[in-house]
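The first residue in the sequence is number 1, and the count goes up from there. For clarity, every value in this text was computed on a predicted model and none was experimentally measured.
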Amino acid sequence: MIVYKAESQYIDVLWPYVGPLLNKAIDRTIGEINLEDVKDWLKEERQQLWVVVDDQEKEIIGALTTQIYIYPNQKHLHLHLCGAKPNTMYKWIGVWEKPVKEFCKENNISYIETAGRDGWTRALQSKGYKKYYTVLVKEIKND
């Protein structure tokens, strides 16, 4: 497996391959963003795109987006969206972290953070991640 950070000028070329993978994550949101928003953020370099390539099959099997959060005392890299071809996640879940950590070191980022479904807790605990907080939402409707 190869994981690399895609440069913003290649987003349009990669989009037919990574867009559908990221759309799976978008489908699990509550409508606050859409796929075009993410594409724009990537092209504007407000977020980063990480592409997972199965080097044996010669195909893109996963994609994730990150965003740097600058807090008063430190920077964090937030894992925003993640999508993969069916039944491939555990093939590359241990591989993505090395290039992402290198990016963090190069950018003086202190922590990698994410929010997600409880399944991510199980998937990432073996990699040294711990549950820090839970995000709950409630829709407020104007009646």
Side-chain angles (χ1 to χ4, degrees), residues 1-71 74-127 129-143:
M1 297 295 154
I2 300 168
V3 179
Y4 69 92
K5 183 180 149 309
E7 299 300 324
S8 60
Q9 67 263 30
Y10 300 116
I11 299 303
D12 285 329
V13 174
L14 291 167
W15 204 247
Y17 307 99
V18 300
L21 299 175
L22 294 173
N23 200 48
K24 293 177 184 181
I26 296 284
D27 287 344
R28 293 200 177 258
T29 69
I30 55 175
E32 68 274 22
I33 59 171
N34 62 45
L35 202 54
E36 284 304 309
D37 297 326
V38 175
K39 184 178 181 183
D40 290 343
W41 293 337
L42 294 168
K43 290 171 76 169
E44 295 165 2
E45 298 183 353
R46 292 172 56 195
Q47 288 195 347
Q48 303 79 38
L49 173 65
W50 301 85
V51 179
V52 182
V53 179
D54 183 327
D55 51 340
Q56 292 181 347
E57 299 293 326
K58 308 283 190 254
E59 69 173 332
I60 294 173
I61 61 168
L64 53 133
T65 64
T66 58
Q67 183 171 345
I68 298 172
Y69 286 6
I70 301 174
Y71 296 104
Q74 55 192 223
K75 291 193 257 181
H76 292 193
L77 187 69
H78 180 76
L79 301 177
H80 187 223
L81 298 174
C82 182
K85 289 200 171 189
N87 305 311
T88 64
M89 183 71 70
Y90 283 96
K91 288 182 180 179
W92 60 269
I93 198 160
V95 179
W96 66 269
E97 199 173 45
K98 184 178 180 183
V100 171
K101 279 184 176 178
E102 287 301 315
F103 177 80
C104 289
K105 289 176 185 175
E106 291 167 7
N107 290 280
N108 198 31
I109 294 169
S110 302
Y111 288 93
I112 298 171
E113 66 179 44
T114 190
R117 297 177 294 114
D118 288 339
W120 281 109
T121 301
R122 289 188 301 277
L124 294 176
Q125 277 179 333
S126 66
K127 308 294 178 212
Y129 289 77
K130 63 181 181 176
K131 188 173 184 175
Y132 184 67
Y133 59 83
T134 301
V135 177
L136 302 171
V137 298
K138 178 180 179 180
E139 182 177 8
I140 306 299
K141 294 184 179 182
N142 293 325
D143 293 298

Min side-chain heavy-atom separation Val38-Asp40 under 4.5 Å: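 No, their side chains stay 4.5 Å or more apart.
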Do you know the tightest heavy-atom contact between [X] and [Y]?
X      : Y      : result
Cys104 : Ile112 : SG-CG1, 3.8 Å
Ala6   : Val51  : CB-CG2, 4.2 Å
Leu22  : Gly83  : CD2-N, 4.4 Å
Leu49  : Ala63  : CD1-CB, 4.2 Å
Lys75  : Asn108 : CE-O, 3.7 Å
Ala25  : Leu81  : CB-CD2, 3.8 Å

Taking [X] for the side chain and [Y] for the main chain, is one N or O donor matched with an acceptor at less than 3.5 Å?
X      : Y      : result
Asn23  : Ile26  : no
Asn107 : Ile109 : no
Lys58  : Asp55  : yes
Glu32  : Ile30  : yes

Any residue meeting side-chain hydrogen bond (donor to acceptor under 3.5 Å, both in side chains) with Trp50, in chain and number order, not counting sequence neighbours: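 Counting only residues at least two positions away or on another chain, Trp50 forms a side-chain hydrogen bond (donor to acceptor under 3.5 Å, both in side chains) with Thr66.
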Side chain to side chain contact (heavy atoms under 4.5 Å, CB included) partners for Ala84, two or more places apart: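 Only Thr88, Met89, Trp92 meet the side chain to side chain contact (heavy atoms under 4.5 Å, CB included) criterion with Ala84.
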Within 6.0 Å of CD in Gln56, more than 12 heavy atoms from elsewhere: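 No, CD of Gln56 has 12 or fewer neighbouring heavy atoms, counting only those of other groups under 6.0 Å.
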Other residues, nucleotides, ligands: >12 heavy atoms within 6.0 Å of Asn87 CG: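 Result for CG/Asn87: open.
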Qualifying salt bridge (Lys or Arg N to Asp or Glu O under 4.0 Å) pairs with a residue from residues 9-25, counting only residues at least two apart or across chains: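 Output for this query lists Asp12-Lys39, Asp12-Lys43.
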Side-chain donor-acceptor contact under 3.5 Å, Gln67 with His80: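 No - no donor-acceptor pair under 3.5 Å links their side chains.
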is_close_aromatic(His78, Tyr69), centroid dist under 6.0 Å: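 Yes, the ring of His78 comes within the 6.0 Å limit of the ring of Tyr69, centre to centre.
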